[in-house]
Trainee: 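So that we are looking at the same thing, I have put the structure below in C-alpha cells.
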Amino acid sequence: MNTSGKVIKCKAAVLWGLKQPYSIEEVEVAPPKAHEVRIKILATSICRTDNNASTGAMPAKFPVIGGHEATGIVESIGEGVTTVKPGDKVIPLAVPQCGFCSACISPKSNFCEKIDITGKGVLSDGTSRFTCKGKPVYHFMNTSTFSEYTVVEEGAVVKIDASAPPEKVCLMGCAFSTGYGAAINTGKVTRGSTCAIFGLGGVGLSIIIGCKVAGASRIIGIDINPSKFERAKAVGATECINPKDYTKPINEVLKEITGDSVEFTFEATGNLDTMVDALASCHMNYGTSVVVGDPPASKMLTYDPLLVFTGRTWKGCIFGGWKTRNDLPKLVADYMAKKFDLDHLITHVLPFNKIRDGFDMLNKGERRRNVSSLYKSANLPELLLFAKYFSICVMHFIFLKSKVSQLH
Ligand code: APR
Ligand code: ZN
Ligand code: ZN
C-alpha cells in the first residue's frame, strides 16, 4: 500500500509526563513536510537517555515519543529532500549534521546546533508530526524512534548499506559510536600504546573495541564490578582491575603495574571522582584523558591544576566526535568489513510491545548502574524476517551483555 502523502496510524511508545512509564499507543504520523523524511523503524535500542526523559534528567516536552538509537527504511520524503529516497536503509541522527551551522562547517567539530538537548520537541517549523487521541505528541532528540514510523529533518538521517543488519547497526545511533569514536577520534589512540578504561558498561566496551582497532597493545579495564571483566576481555581488554582490591589510589596502582606508561585513559562511568582519577592516571607529561561518561547535571568538580600543568591533555566528546552524516556510513561499512563486532554488546531482543519490560529491567540494573536493551518492532509483515531470525531469543529479554550480571 502506498502511504506516501497520507497520515499513517501506527504504534508508538509515548511518555505522557514525568515519572510515568512508556505506554504503547496508537498514534498518527503526518507526512513529511519540505526537507523532512518519514522513516519506518526496523529496530531500535533503549539508551539510558530515553529513561532520563521520564525522570527529568533529560529535558523533554510531554507527551513525547522517546527513542534515538535505530535503523529504519525511508517510507517517503518531503519536497526538496535530495540525500535519501524511499526504500533507503537509514540511521536517524540524534546528533544531526545540518551542514550549515558553524559546527558543521568546521572540520574540527560535530556538535551541530540542530541537536535538541533542550527538549523543544518540534521540527524546524515549530510543530510536531505526531498526534495521539487528538493531541500533539512531541519529538525526542530529533528522532523519536520508539514508533513504527517517525519523521525527522533531512539533516537528522543518513543512508547506510542496504545489507547492514538493522538489529546490530542500530547501536551506531548512539552507544557504540560514542565509545568507539572516543578512542579513535578524540583520544587518537596510537599503535602499541597502553590504555585504561574506567567503567566497563556498553560505552566502556565500545571504547575498548576502539582501542583495539587503533592497535593499542595493552588495554586495562577498570570497574568496581568484577563481573564485567569477562566481557571486557572478550572485546579486547588485556587485563582488568578492581579499584576496591587496592588500598592505594588507582593512579598509583596503574603507575606501578605499567611502569608509568598509561598514555590514554577514558572515563565511562559518569562519576566526577572517576573523571579526576582517570586524568591523574594518564602519563603526567604526554598522557591524554577523555571524558566520555555524562557528567551529572549541575555538579562541579575540583582538581589539582598541576595535573594539567605538567602536560596532560584533558578532553571530552559528544557522540565520539563523529560528523554523523559523513561518518556513520563509513562506520557501518567497517562493521560489514568485520573490522569489529557488535555481538558482544547485545544479549537479548524483545518485541516492541514489551518495551516497558525493557525499561523495568533498565531501572532494576540502574540501581547498581544501568541496563540497556535492544528490542525490535515485530508487528509489521516486513519484520517477519527479523522475527524468524530472532526466534530463538525473541521470548527473552535482551540486554547489553556487559550489564546482565548486574541484574542477578
Ligand atoms: N570506578 C570504576 N567503575 C565504576 C565506578 C567507579 N567509581 N562507578 C561505576 N562504575 C562502573 C559500573 O560498575 C558499570 O560497569 O561503570 C560502569 C558503567 O556502565 P553502565 O552503567 O552500563 O553505563 P554505560 O551505558 O556504559 O555508560 C557509561 O556513559 O553515556 C554515558 O550516561 C552514560 O555516564 C554513563 C557512561
Ligand atoms: Zn549543523
Ligand atoms: Zn543514547
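Counting convention: from 1, in listed order, for ligands and their atoms alike. Nothing fancy with the numbering, it's 1 onward along the sequence.
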Trainee: Just to the nearest 10 degrees, tell me the angle at the Zn ion (ligand 2) spanned by Cys112 SG and Cys98 SG.
Mentor: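 Rounding to the nearest 10 degrees gives 110°.
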
Trainee: Which option wins on minimum heavy-atom distance to atom 15 (O) of ligand 1: Asp223, Thr178, Ile241?
Mentor: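 Considering heavy atoms of Asp223, Thr178, Ile241, the nearest to atom 15 (O) of ligand 1 sits in Asp223.
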
Trainee: Considering residues, nucleotides and ligands other than Lys244, do more than 12 of their heavy atoms fall under 6.0 Å from its NZ?
Mentor: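 Atom NZ in Lys244 is not packed in, count stays at 12 or less.
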
Trainee: Mark up the atoms of ligand 1 that fall under 4.0 Å of a heavy atom belonging to Gly293, in ascending order.
Mentor: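 Per the distance check, 29 (O), 31 (C), 34 (O), 36 (C).
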
Trainee: Are any of the side-chain nitrogens in Glu25 or Lys133 under 4.0 Å away from the carboxylate oxygens of its partner?
Mentor: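 Here Glu25 pairs with Lys133 in a salt bridge, since their nearest N and O are under 4.0 Å apart.
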
Trainee: Report the part of Val203 in contact with ligand 1, treating N, CA, C, O as backbone and CB onward as side chain, heavy atoms under 4.0 Å; options are side chain, backbone, both, neither.
Mentor: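 Within the 4.0 Å criterion, Val203 contacts ligand 1 through backbone and side-chain atoms alike.
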
Trainee: Below 3.5 angstrom, do we get any N/O pair linking Asn225 and ligand 1?
Mentor: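 Checking ligand 1 against Asn225, no N or O pair falls under 3.5 Å apart.
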
Trainee: Output the list of atoms in ligand 1 that are nearer than 4.0 Å to some heavy atom of Gly270, sorted by atom number.
Mentor: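 Numbered from 1, ligand 1 contributes 34 (O).
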
Trainee: Of the choices Ala268, Gly179, Gly204, which has the non-hydrogen atom that lies closest to atom 28 (C) of ligand 1?
Mentor: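 Heavy atom nearest to atom 28 (C) of ligand 1 belongs to Ala268.
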
Trainee: Suppose I only count heavy atoms of Lys228 and a 4.0 Å limit; which atoms of ligand 1 are within that range?
Mentor: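 Atoms satisfying the 4.0 Å criterion: 14 (C), 15 (O).
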
Trainee: Can you count the protein N, O or S atoms that lie less than 2.8 Å from the Zn ion (ligand 3)?
Mentor: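 Atoms of protein N, O or S type lying less than 2.8 Å from the Zn ion (ligand 3) total 3.
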
Trainee: Under 4.0 Å between a Lys/Arg side-chain N and an Asp/Glu carboxylate O for Glu148 and Lys11?
Mentor: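 Result for this pair is no, no salt bridge flagged.
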
Trainee: Heavy-atom distance to atom 4 (C) of ligand 1: which of Ile207, Val291, Thr269 wins?
Mentor: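 The residue whose heavy atom sits nearest atom 4 (C) of ligand 1 is Thr269.
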
Trainee: Test Tyr22 against Phe359 for ring pair (Phe, Tyr, Trp, His ring centres under 6.0 Å), laying out the working first.
Mentor: CA-CA 8 Å; Tyr22 277 95; Phe359 276 98; 4.5 Å; yes

Trainee: More than 12 foreign heavy atoms under 6.0 Å from NZ of Lys315: is that the case here?
Mentor: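 Atom NZ in Lys315 is packed in, count exceeds 12.
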
Trainee: As an exercise, identify every atom of ligand 1 less than 4.0 angstrom from a heavy atom of Thr274.
Mentor: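 Within the 4.0 Å cut-off of Thr274, ligand 1 contributes 7 (N).
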
Trainee: List every atom of ligand 1 that sits less than 4.0 Å from any heavy atom of Asn271, numbering the atoms from 1 in the order shown and giving each element.
Mentor: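 Per the distance check, 5 (C), 7 (N), 8 (N), 9 (C).
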
Trainee: What verdict does the side chain to side chain donor-acceptor pair (under 3.5 Å) test give for His68 and Asp50, after you've listed the backbone C-alpha separation in whole Å, the side-chain angles of each residue and the deciding distance to 0.1 Å?
Mentor: CA-CA 8 Å; His68 61 283; Asp50 302 314; 2.8 Å; yes

Trainee: For Lys33, is there an ion pair with Glu79 - N to carboxylate O distance below 4.0 angstrom?
Mentor: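 Salt bridge absent between Glu79 and Lys33.
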
Trainee: If you count every heavy atom of other residues, nucleotides or ligands that lies below 6.0 Å from Lys255 atom NZ, does the total exceed 12?
Mentor: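 No - once you tally the heavy atoms of other residues, nucleotides and ligands closer than 6.0 Å, there are 12 at most.
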
Trainee: Is any NZ, NE, NH1 or NH2 atom of the basic residue among Asp161 and Lys89 found under 4.0 Å from an Asp or Glu carboxylate oxygen of the other?
Mentor: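 Judged by the 4.0 Å cut-off on N to carboxylate O distance, Asp161 and Lys89 do not form a salt bridge.
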
Trainee: To the nearest 0.5 Å, tell me how far Met172 CE sits from Trp322 CH2.
Mentor: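 So the gap between those two atoms works out to 9.0 Å.
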
Trainee: Please determine if Gly202 has a nitrogen or oxygen closer than 3.5 Å to a nitrogen or oxygen of ligand 1.
Mentor: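 It does: an N or O of Gly202 is found under 3.5 Å from an N or O of ligand 1.
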
Trainee: Give a yes or no on whether a salt bridge exists between Glu28 and Arg129, defined as a side-chain N under 4.0 angstrom from a carboxylate O.
Mentor: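 No salt bridge links Glu28 with Arg129.
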
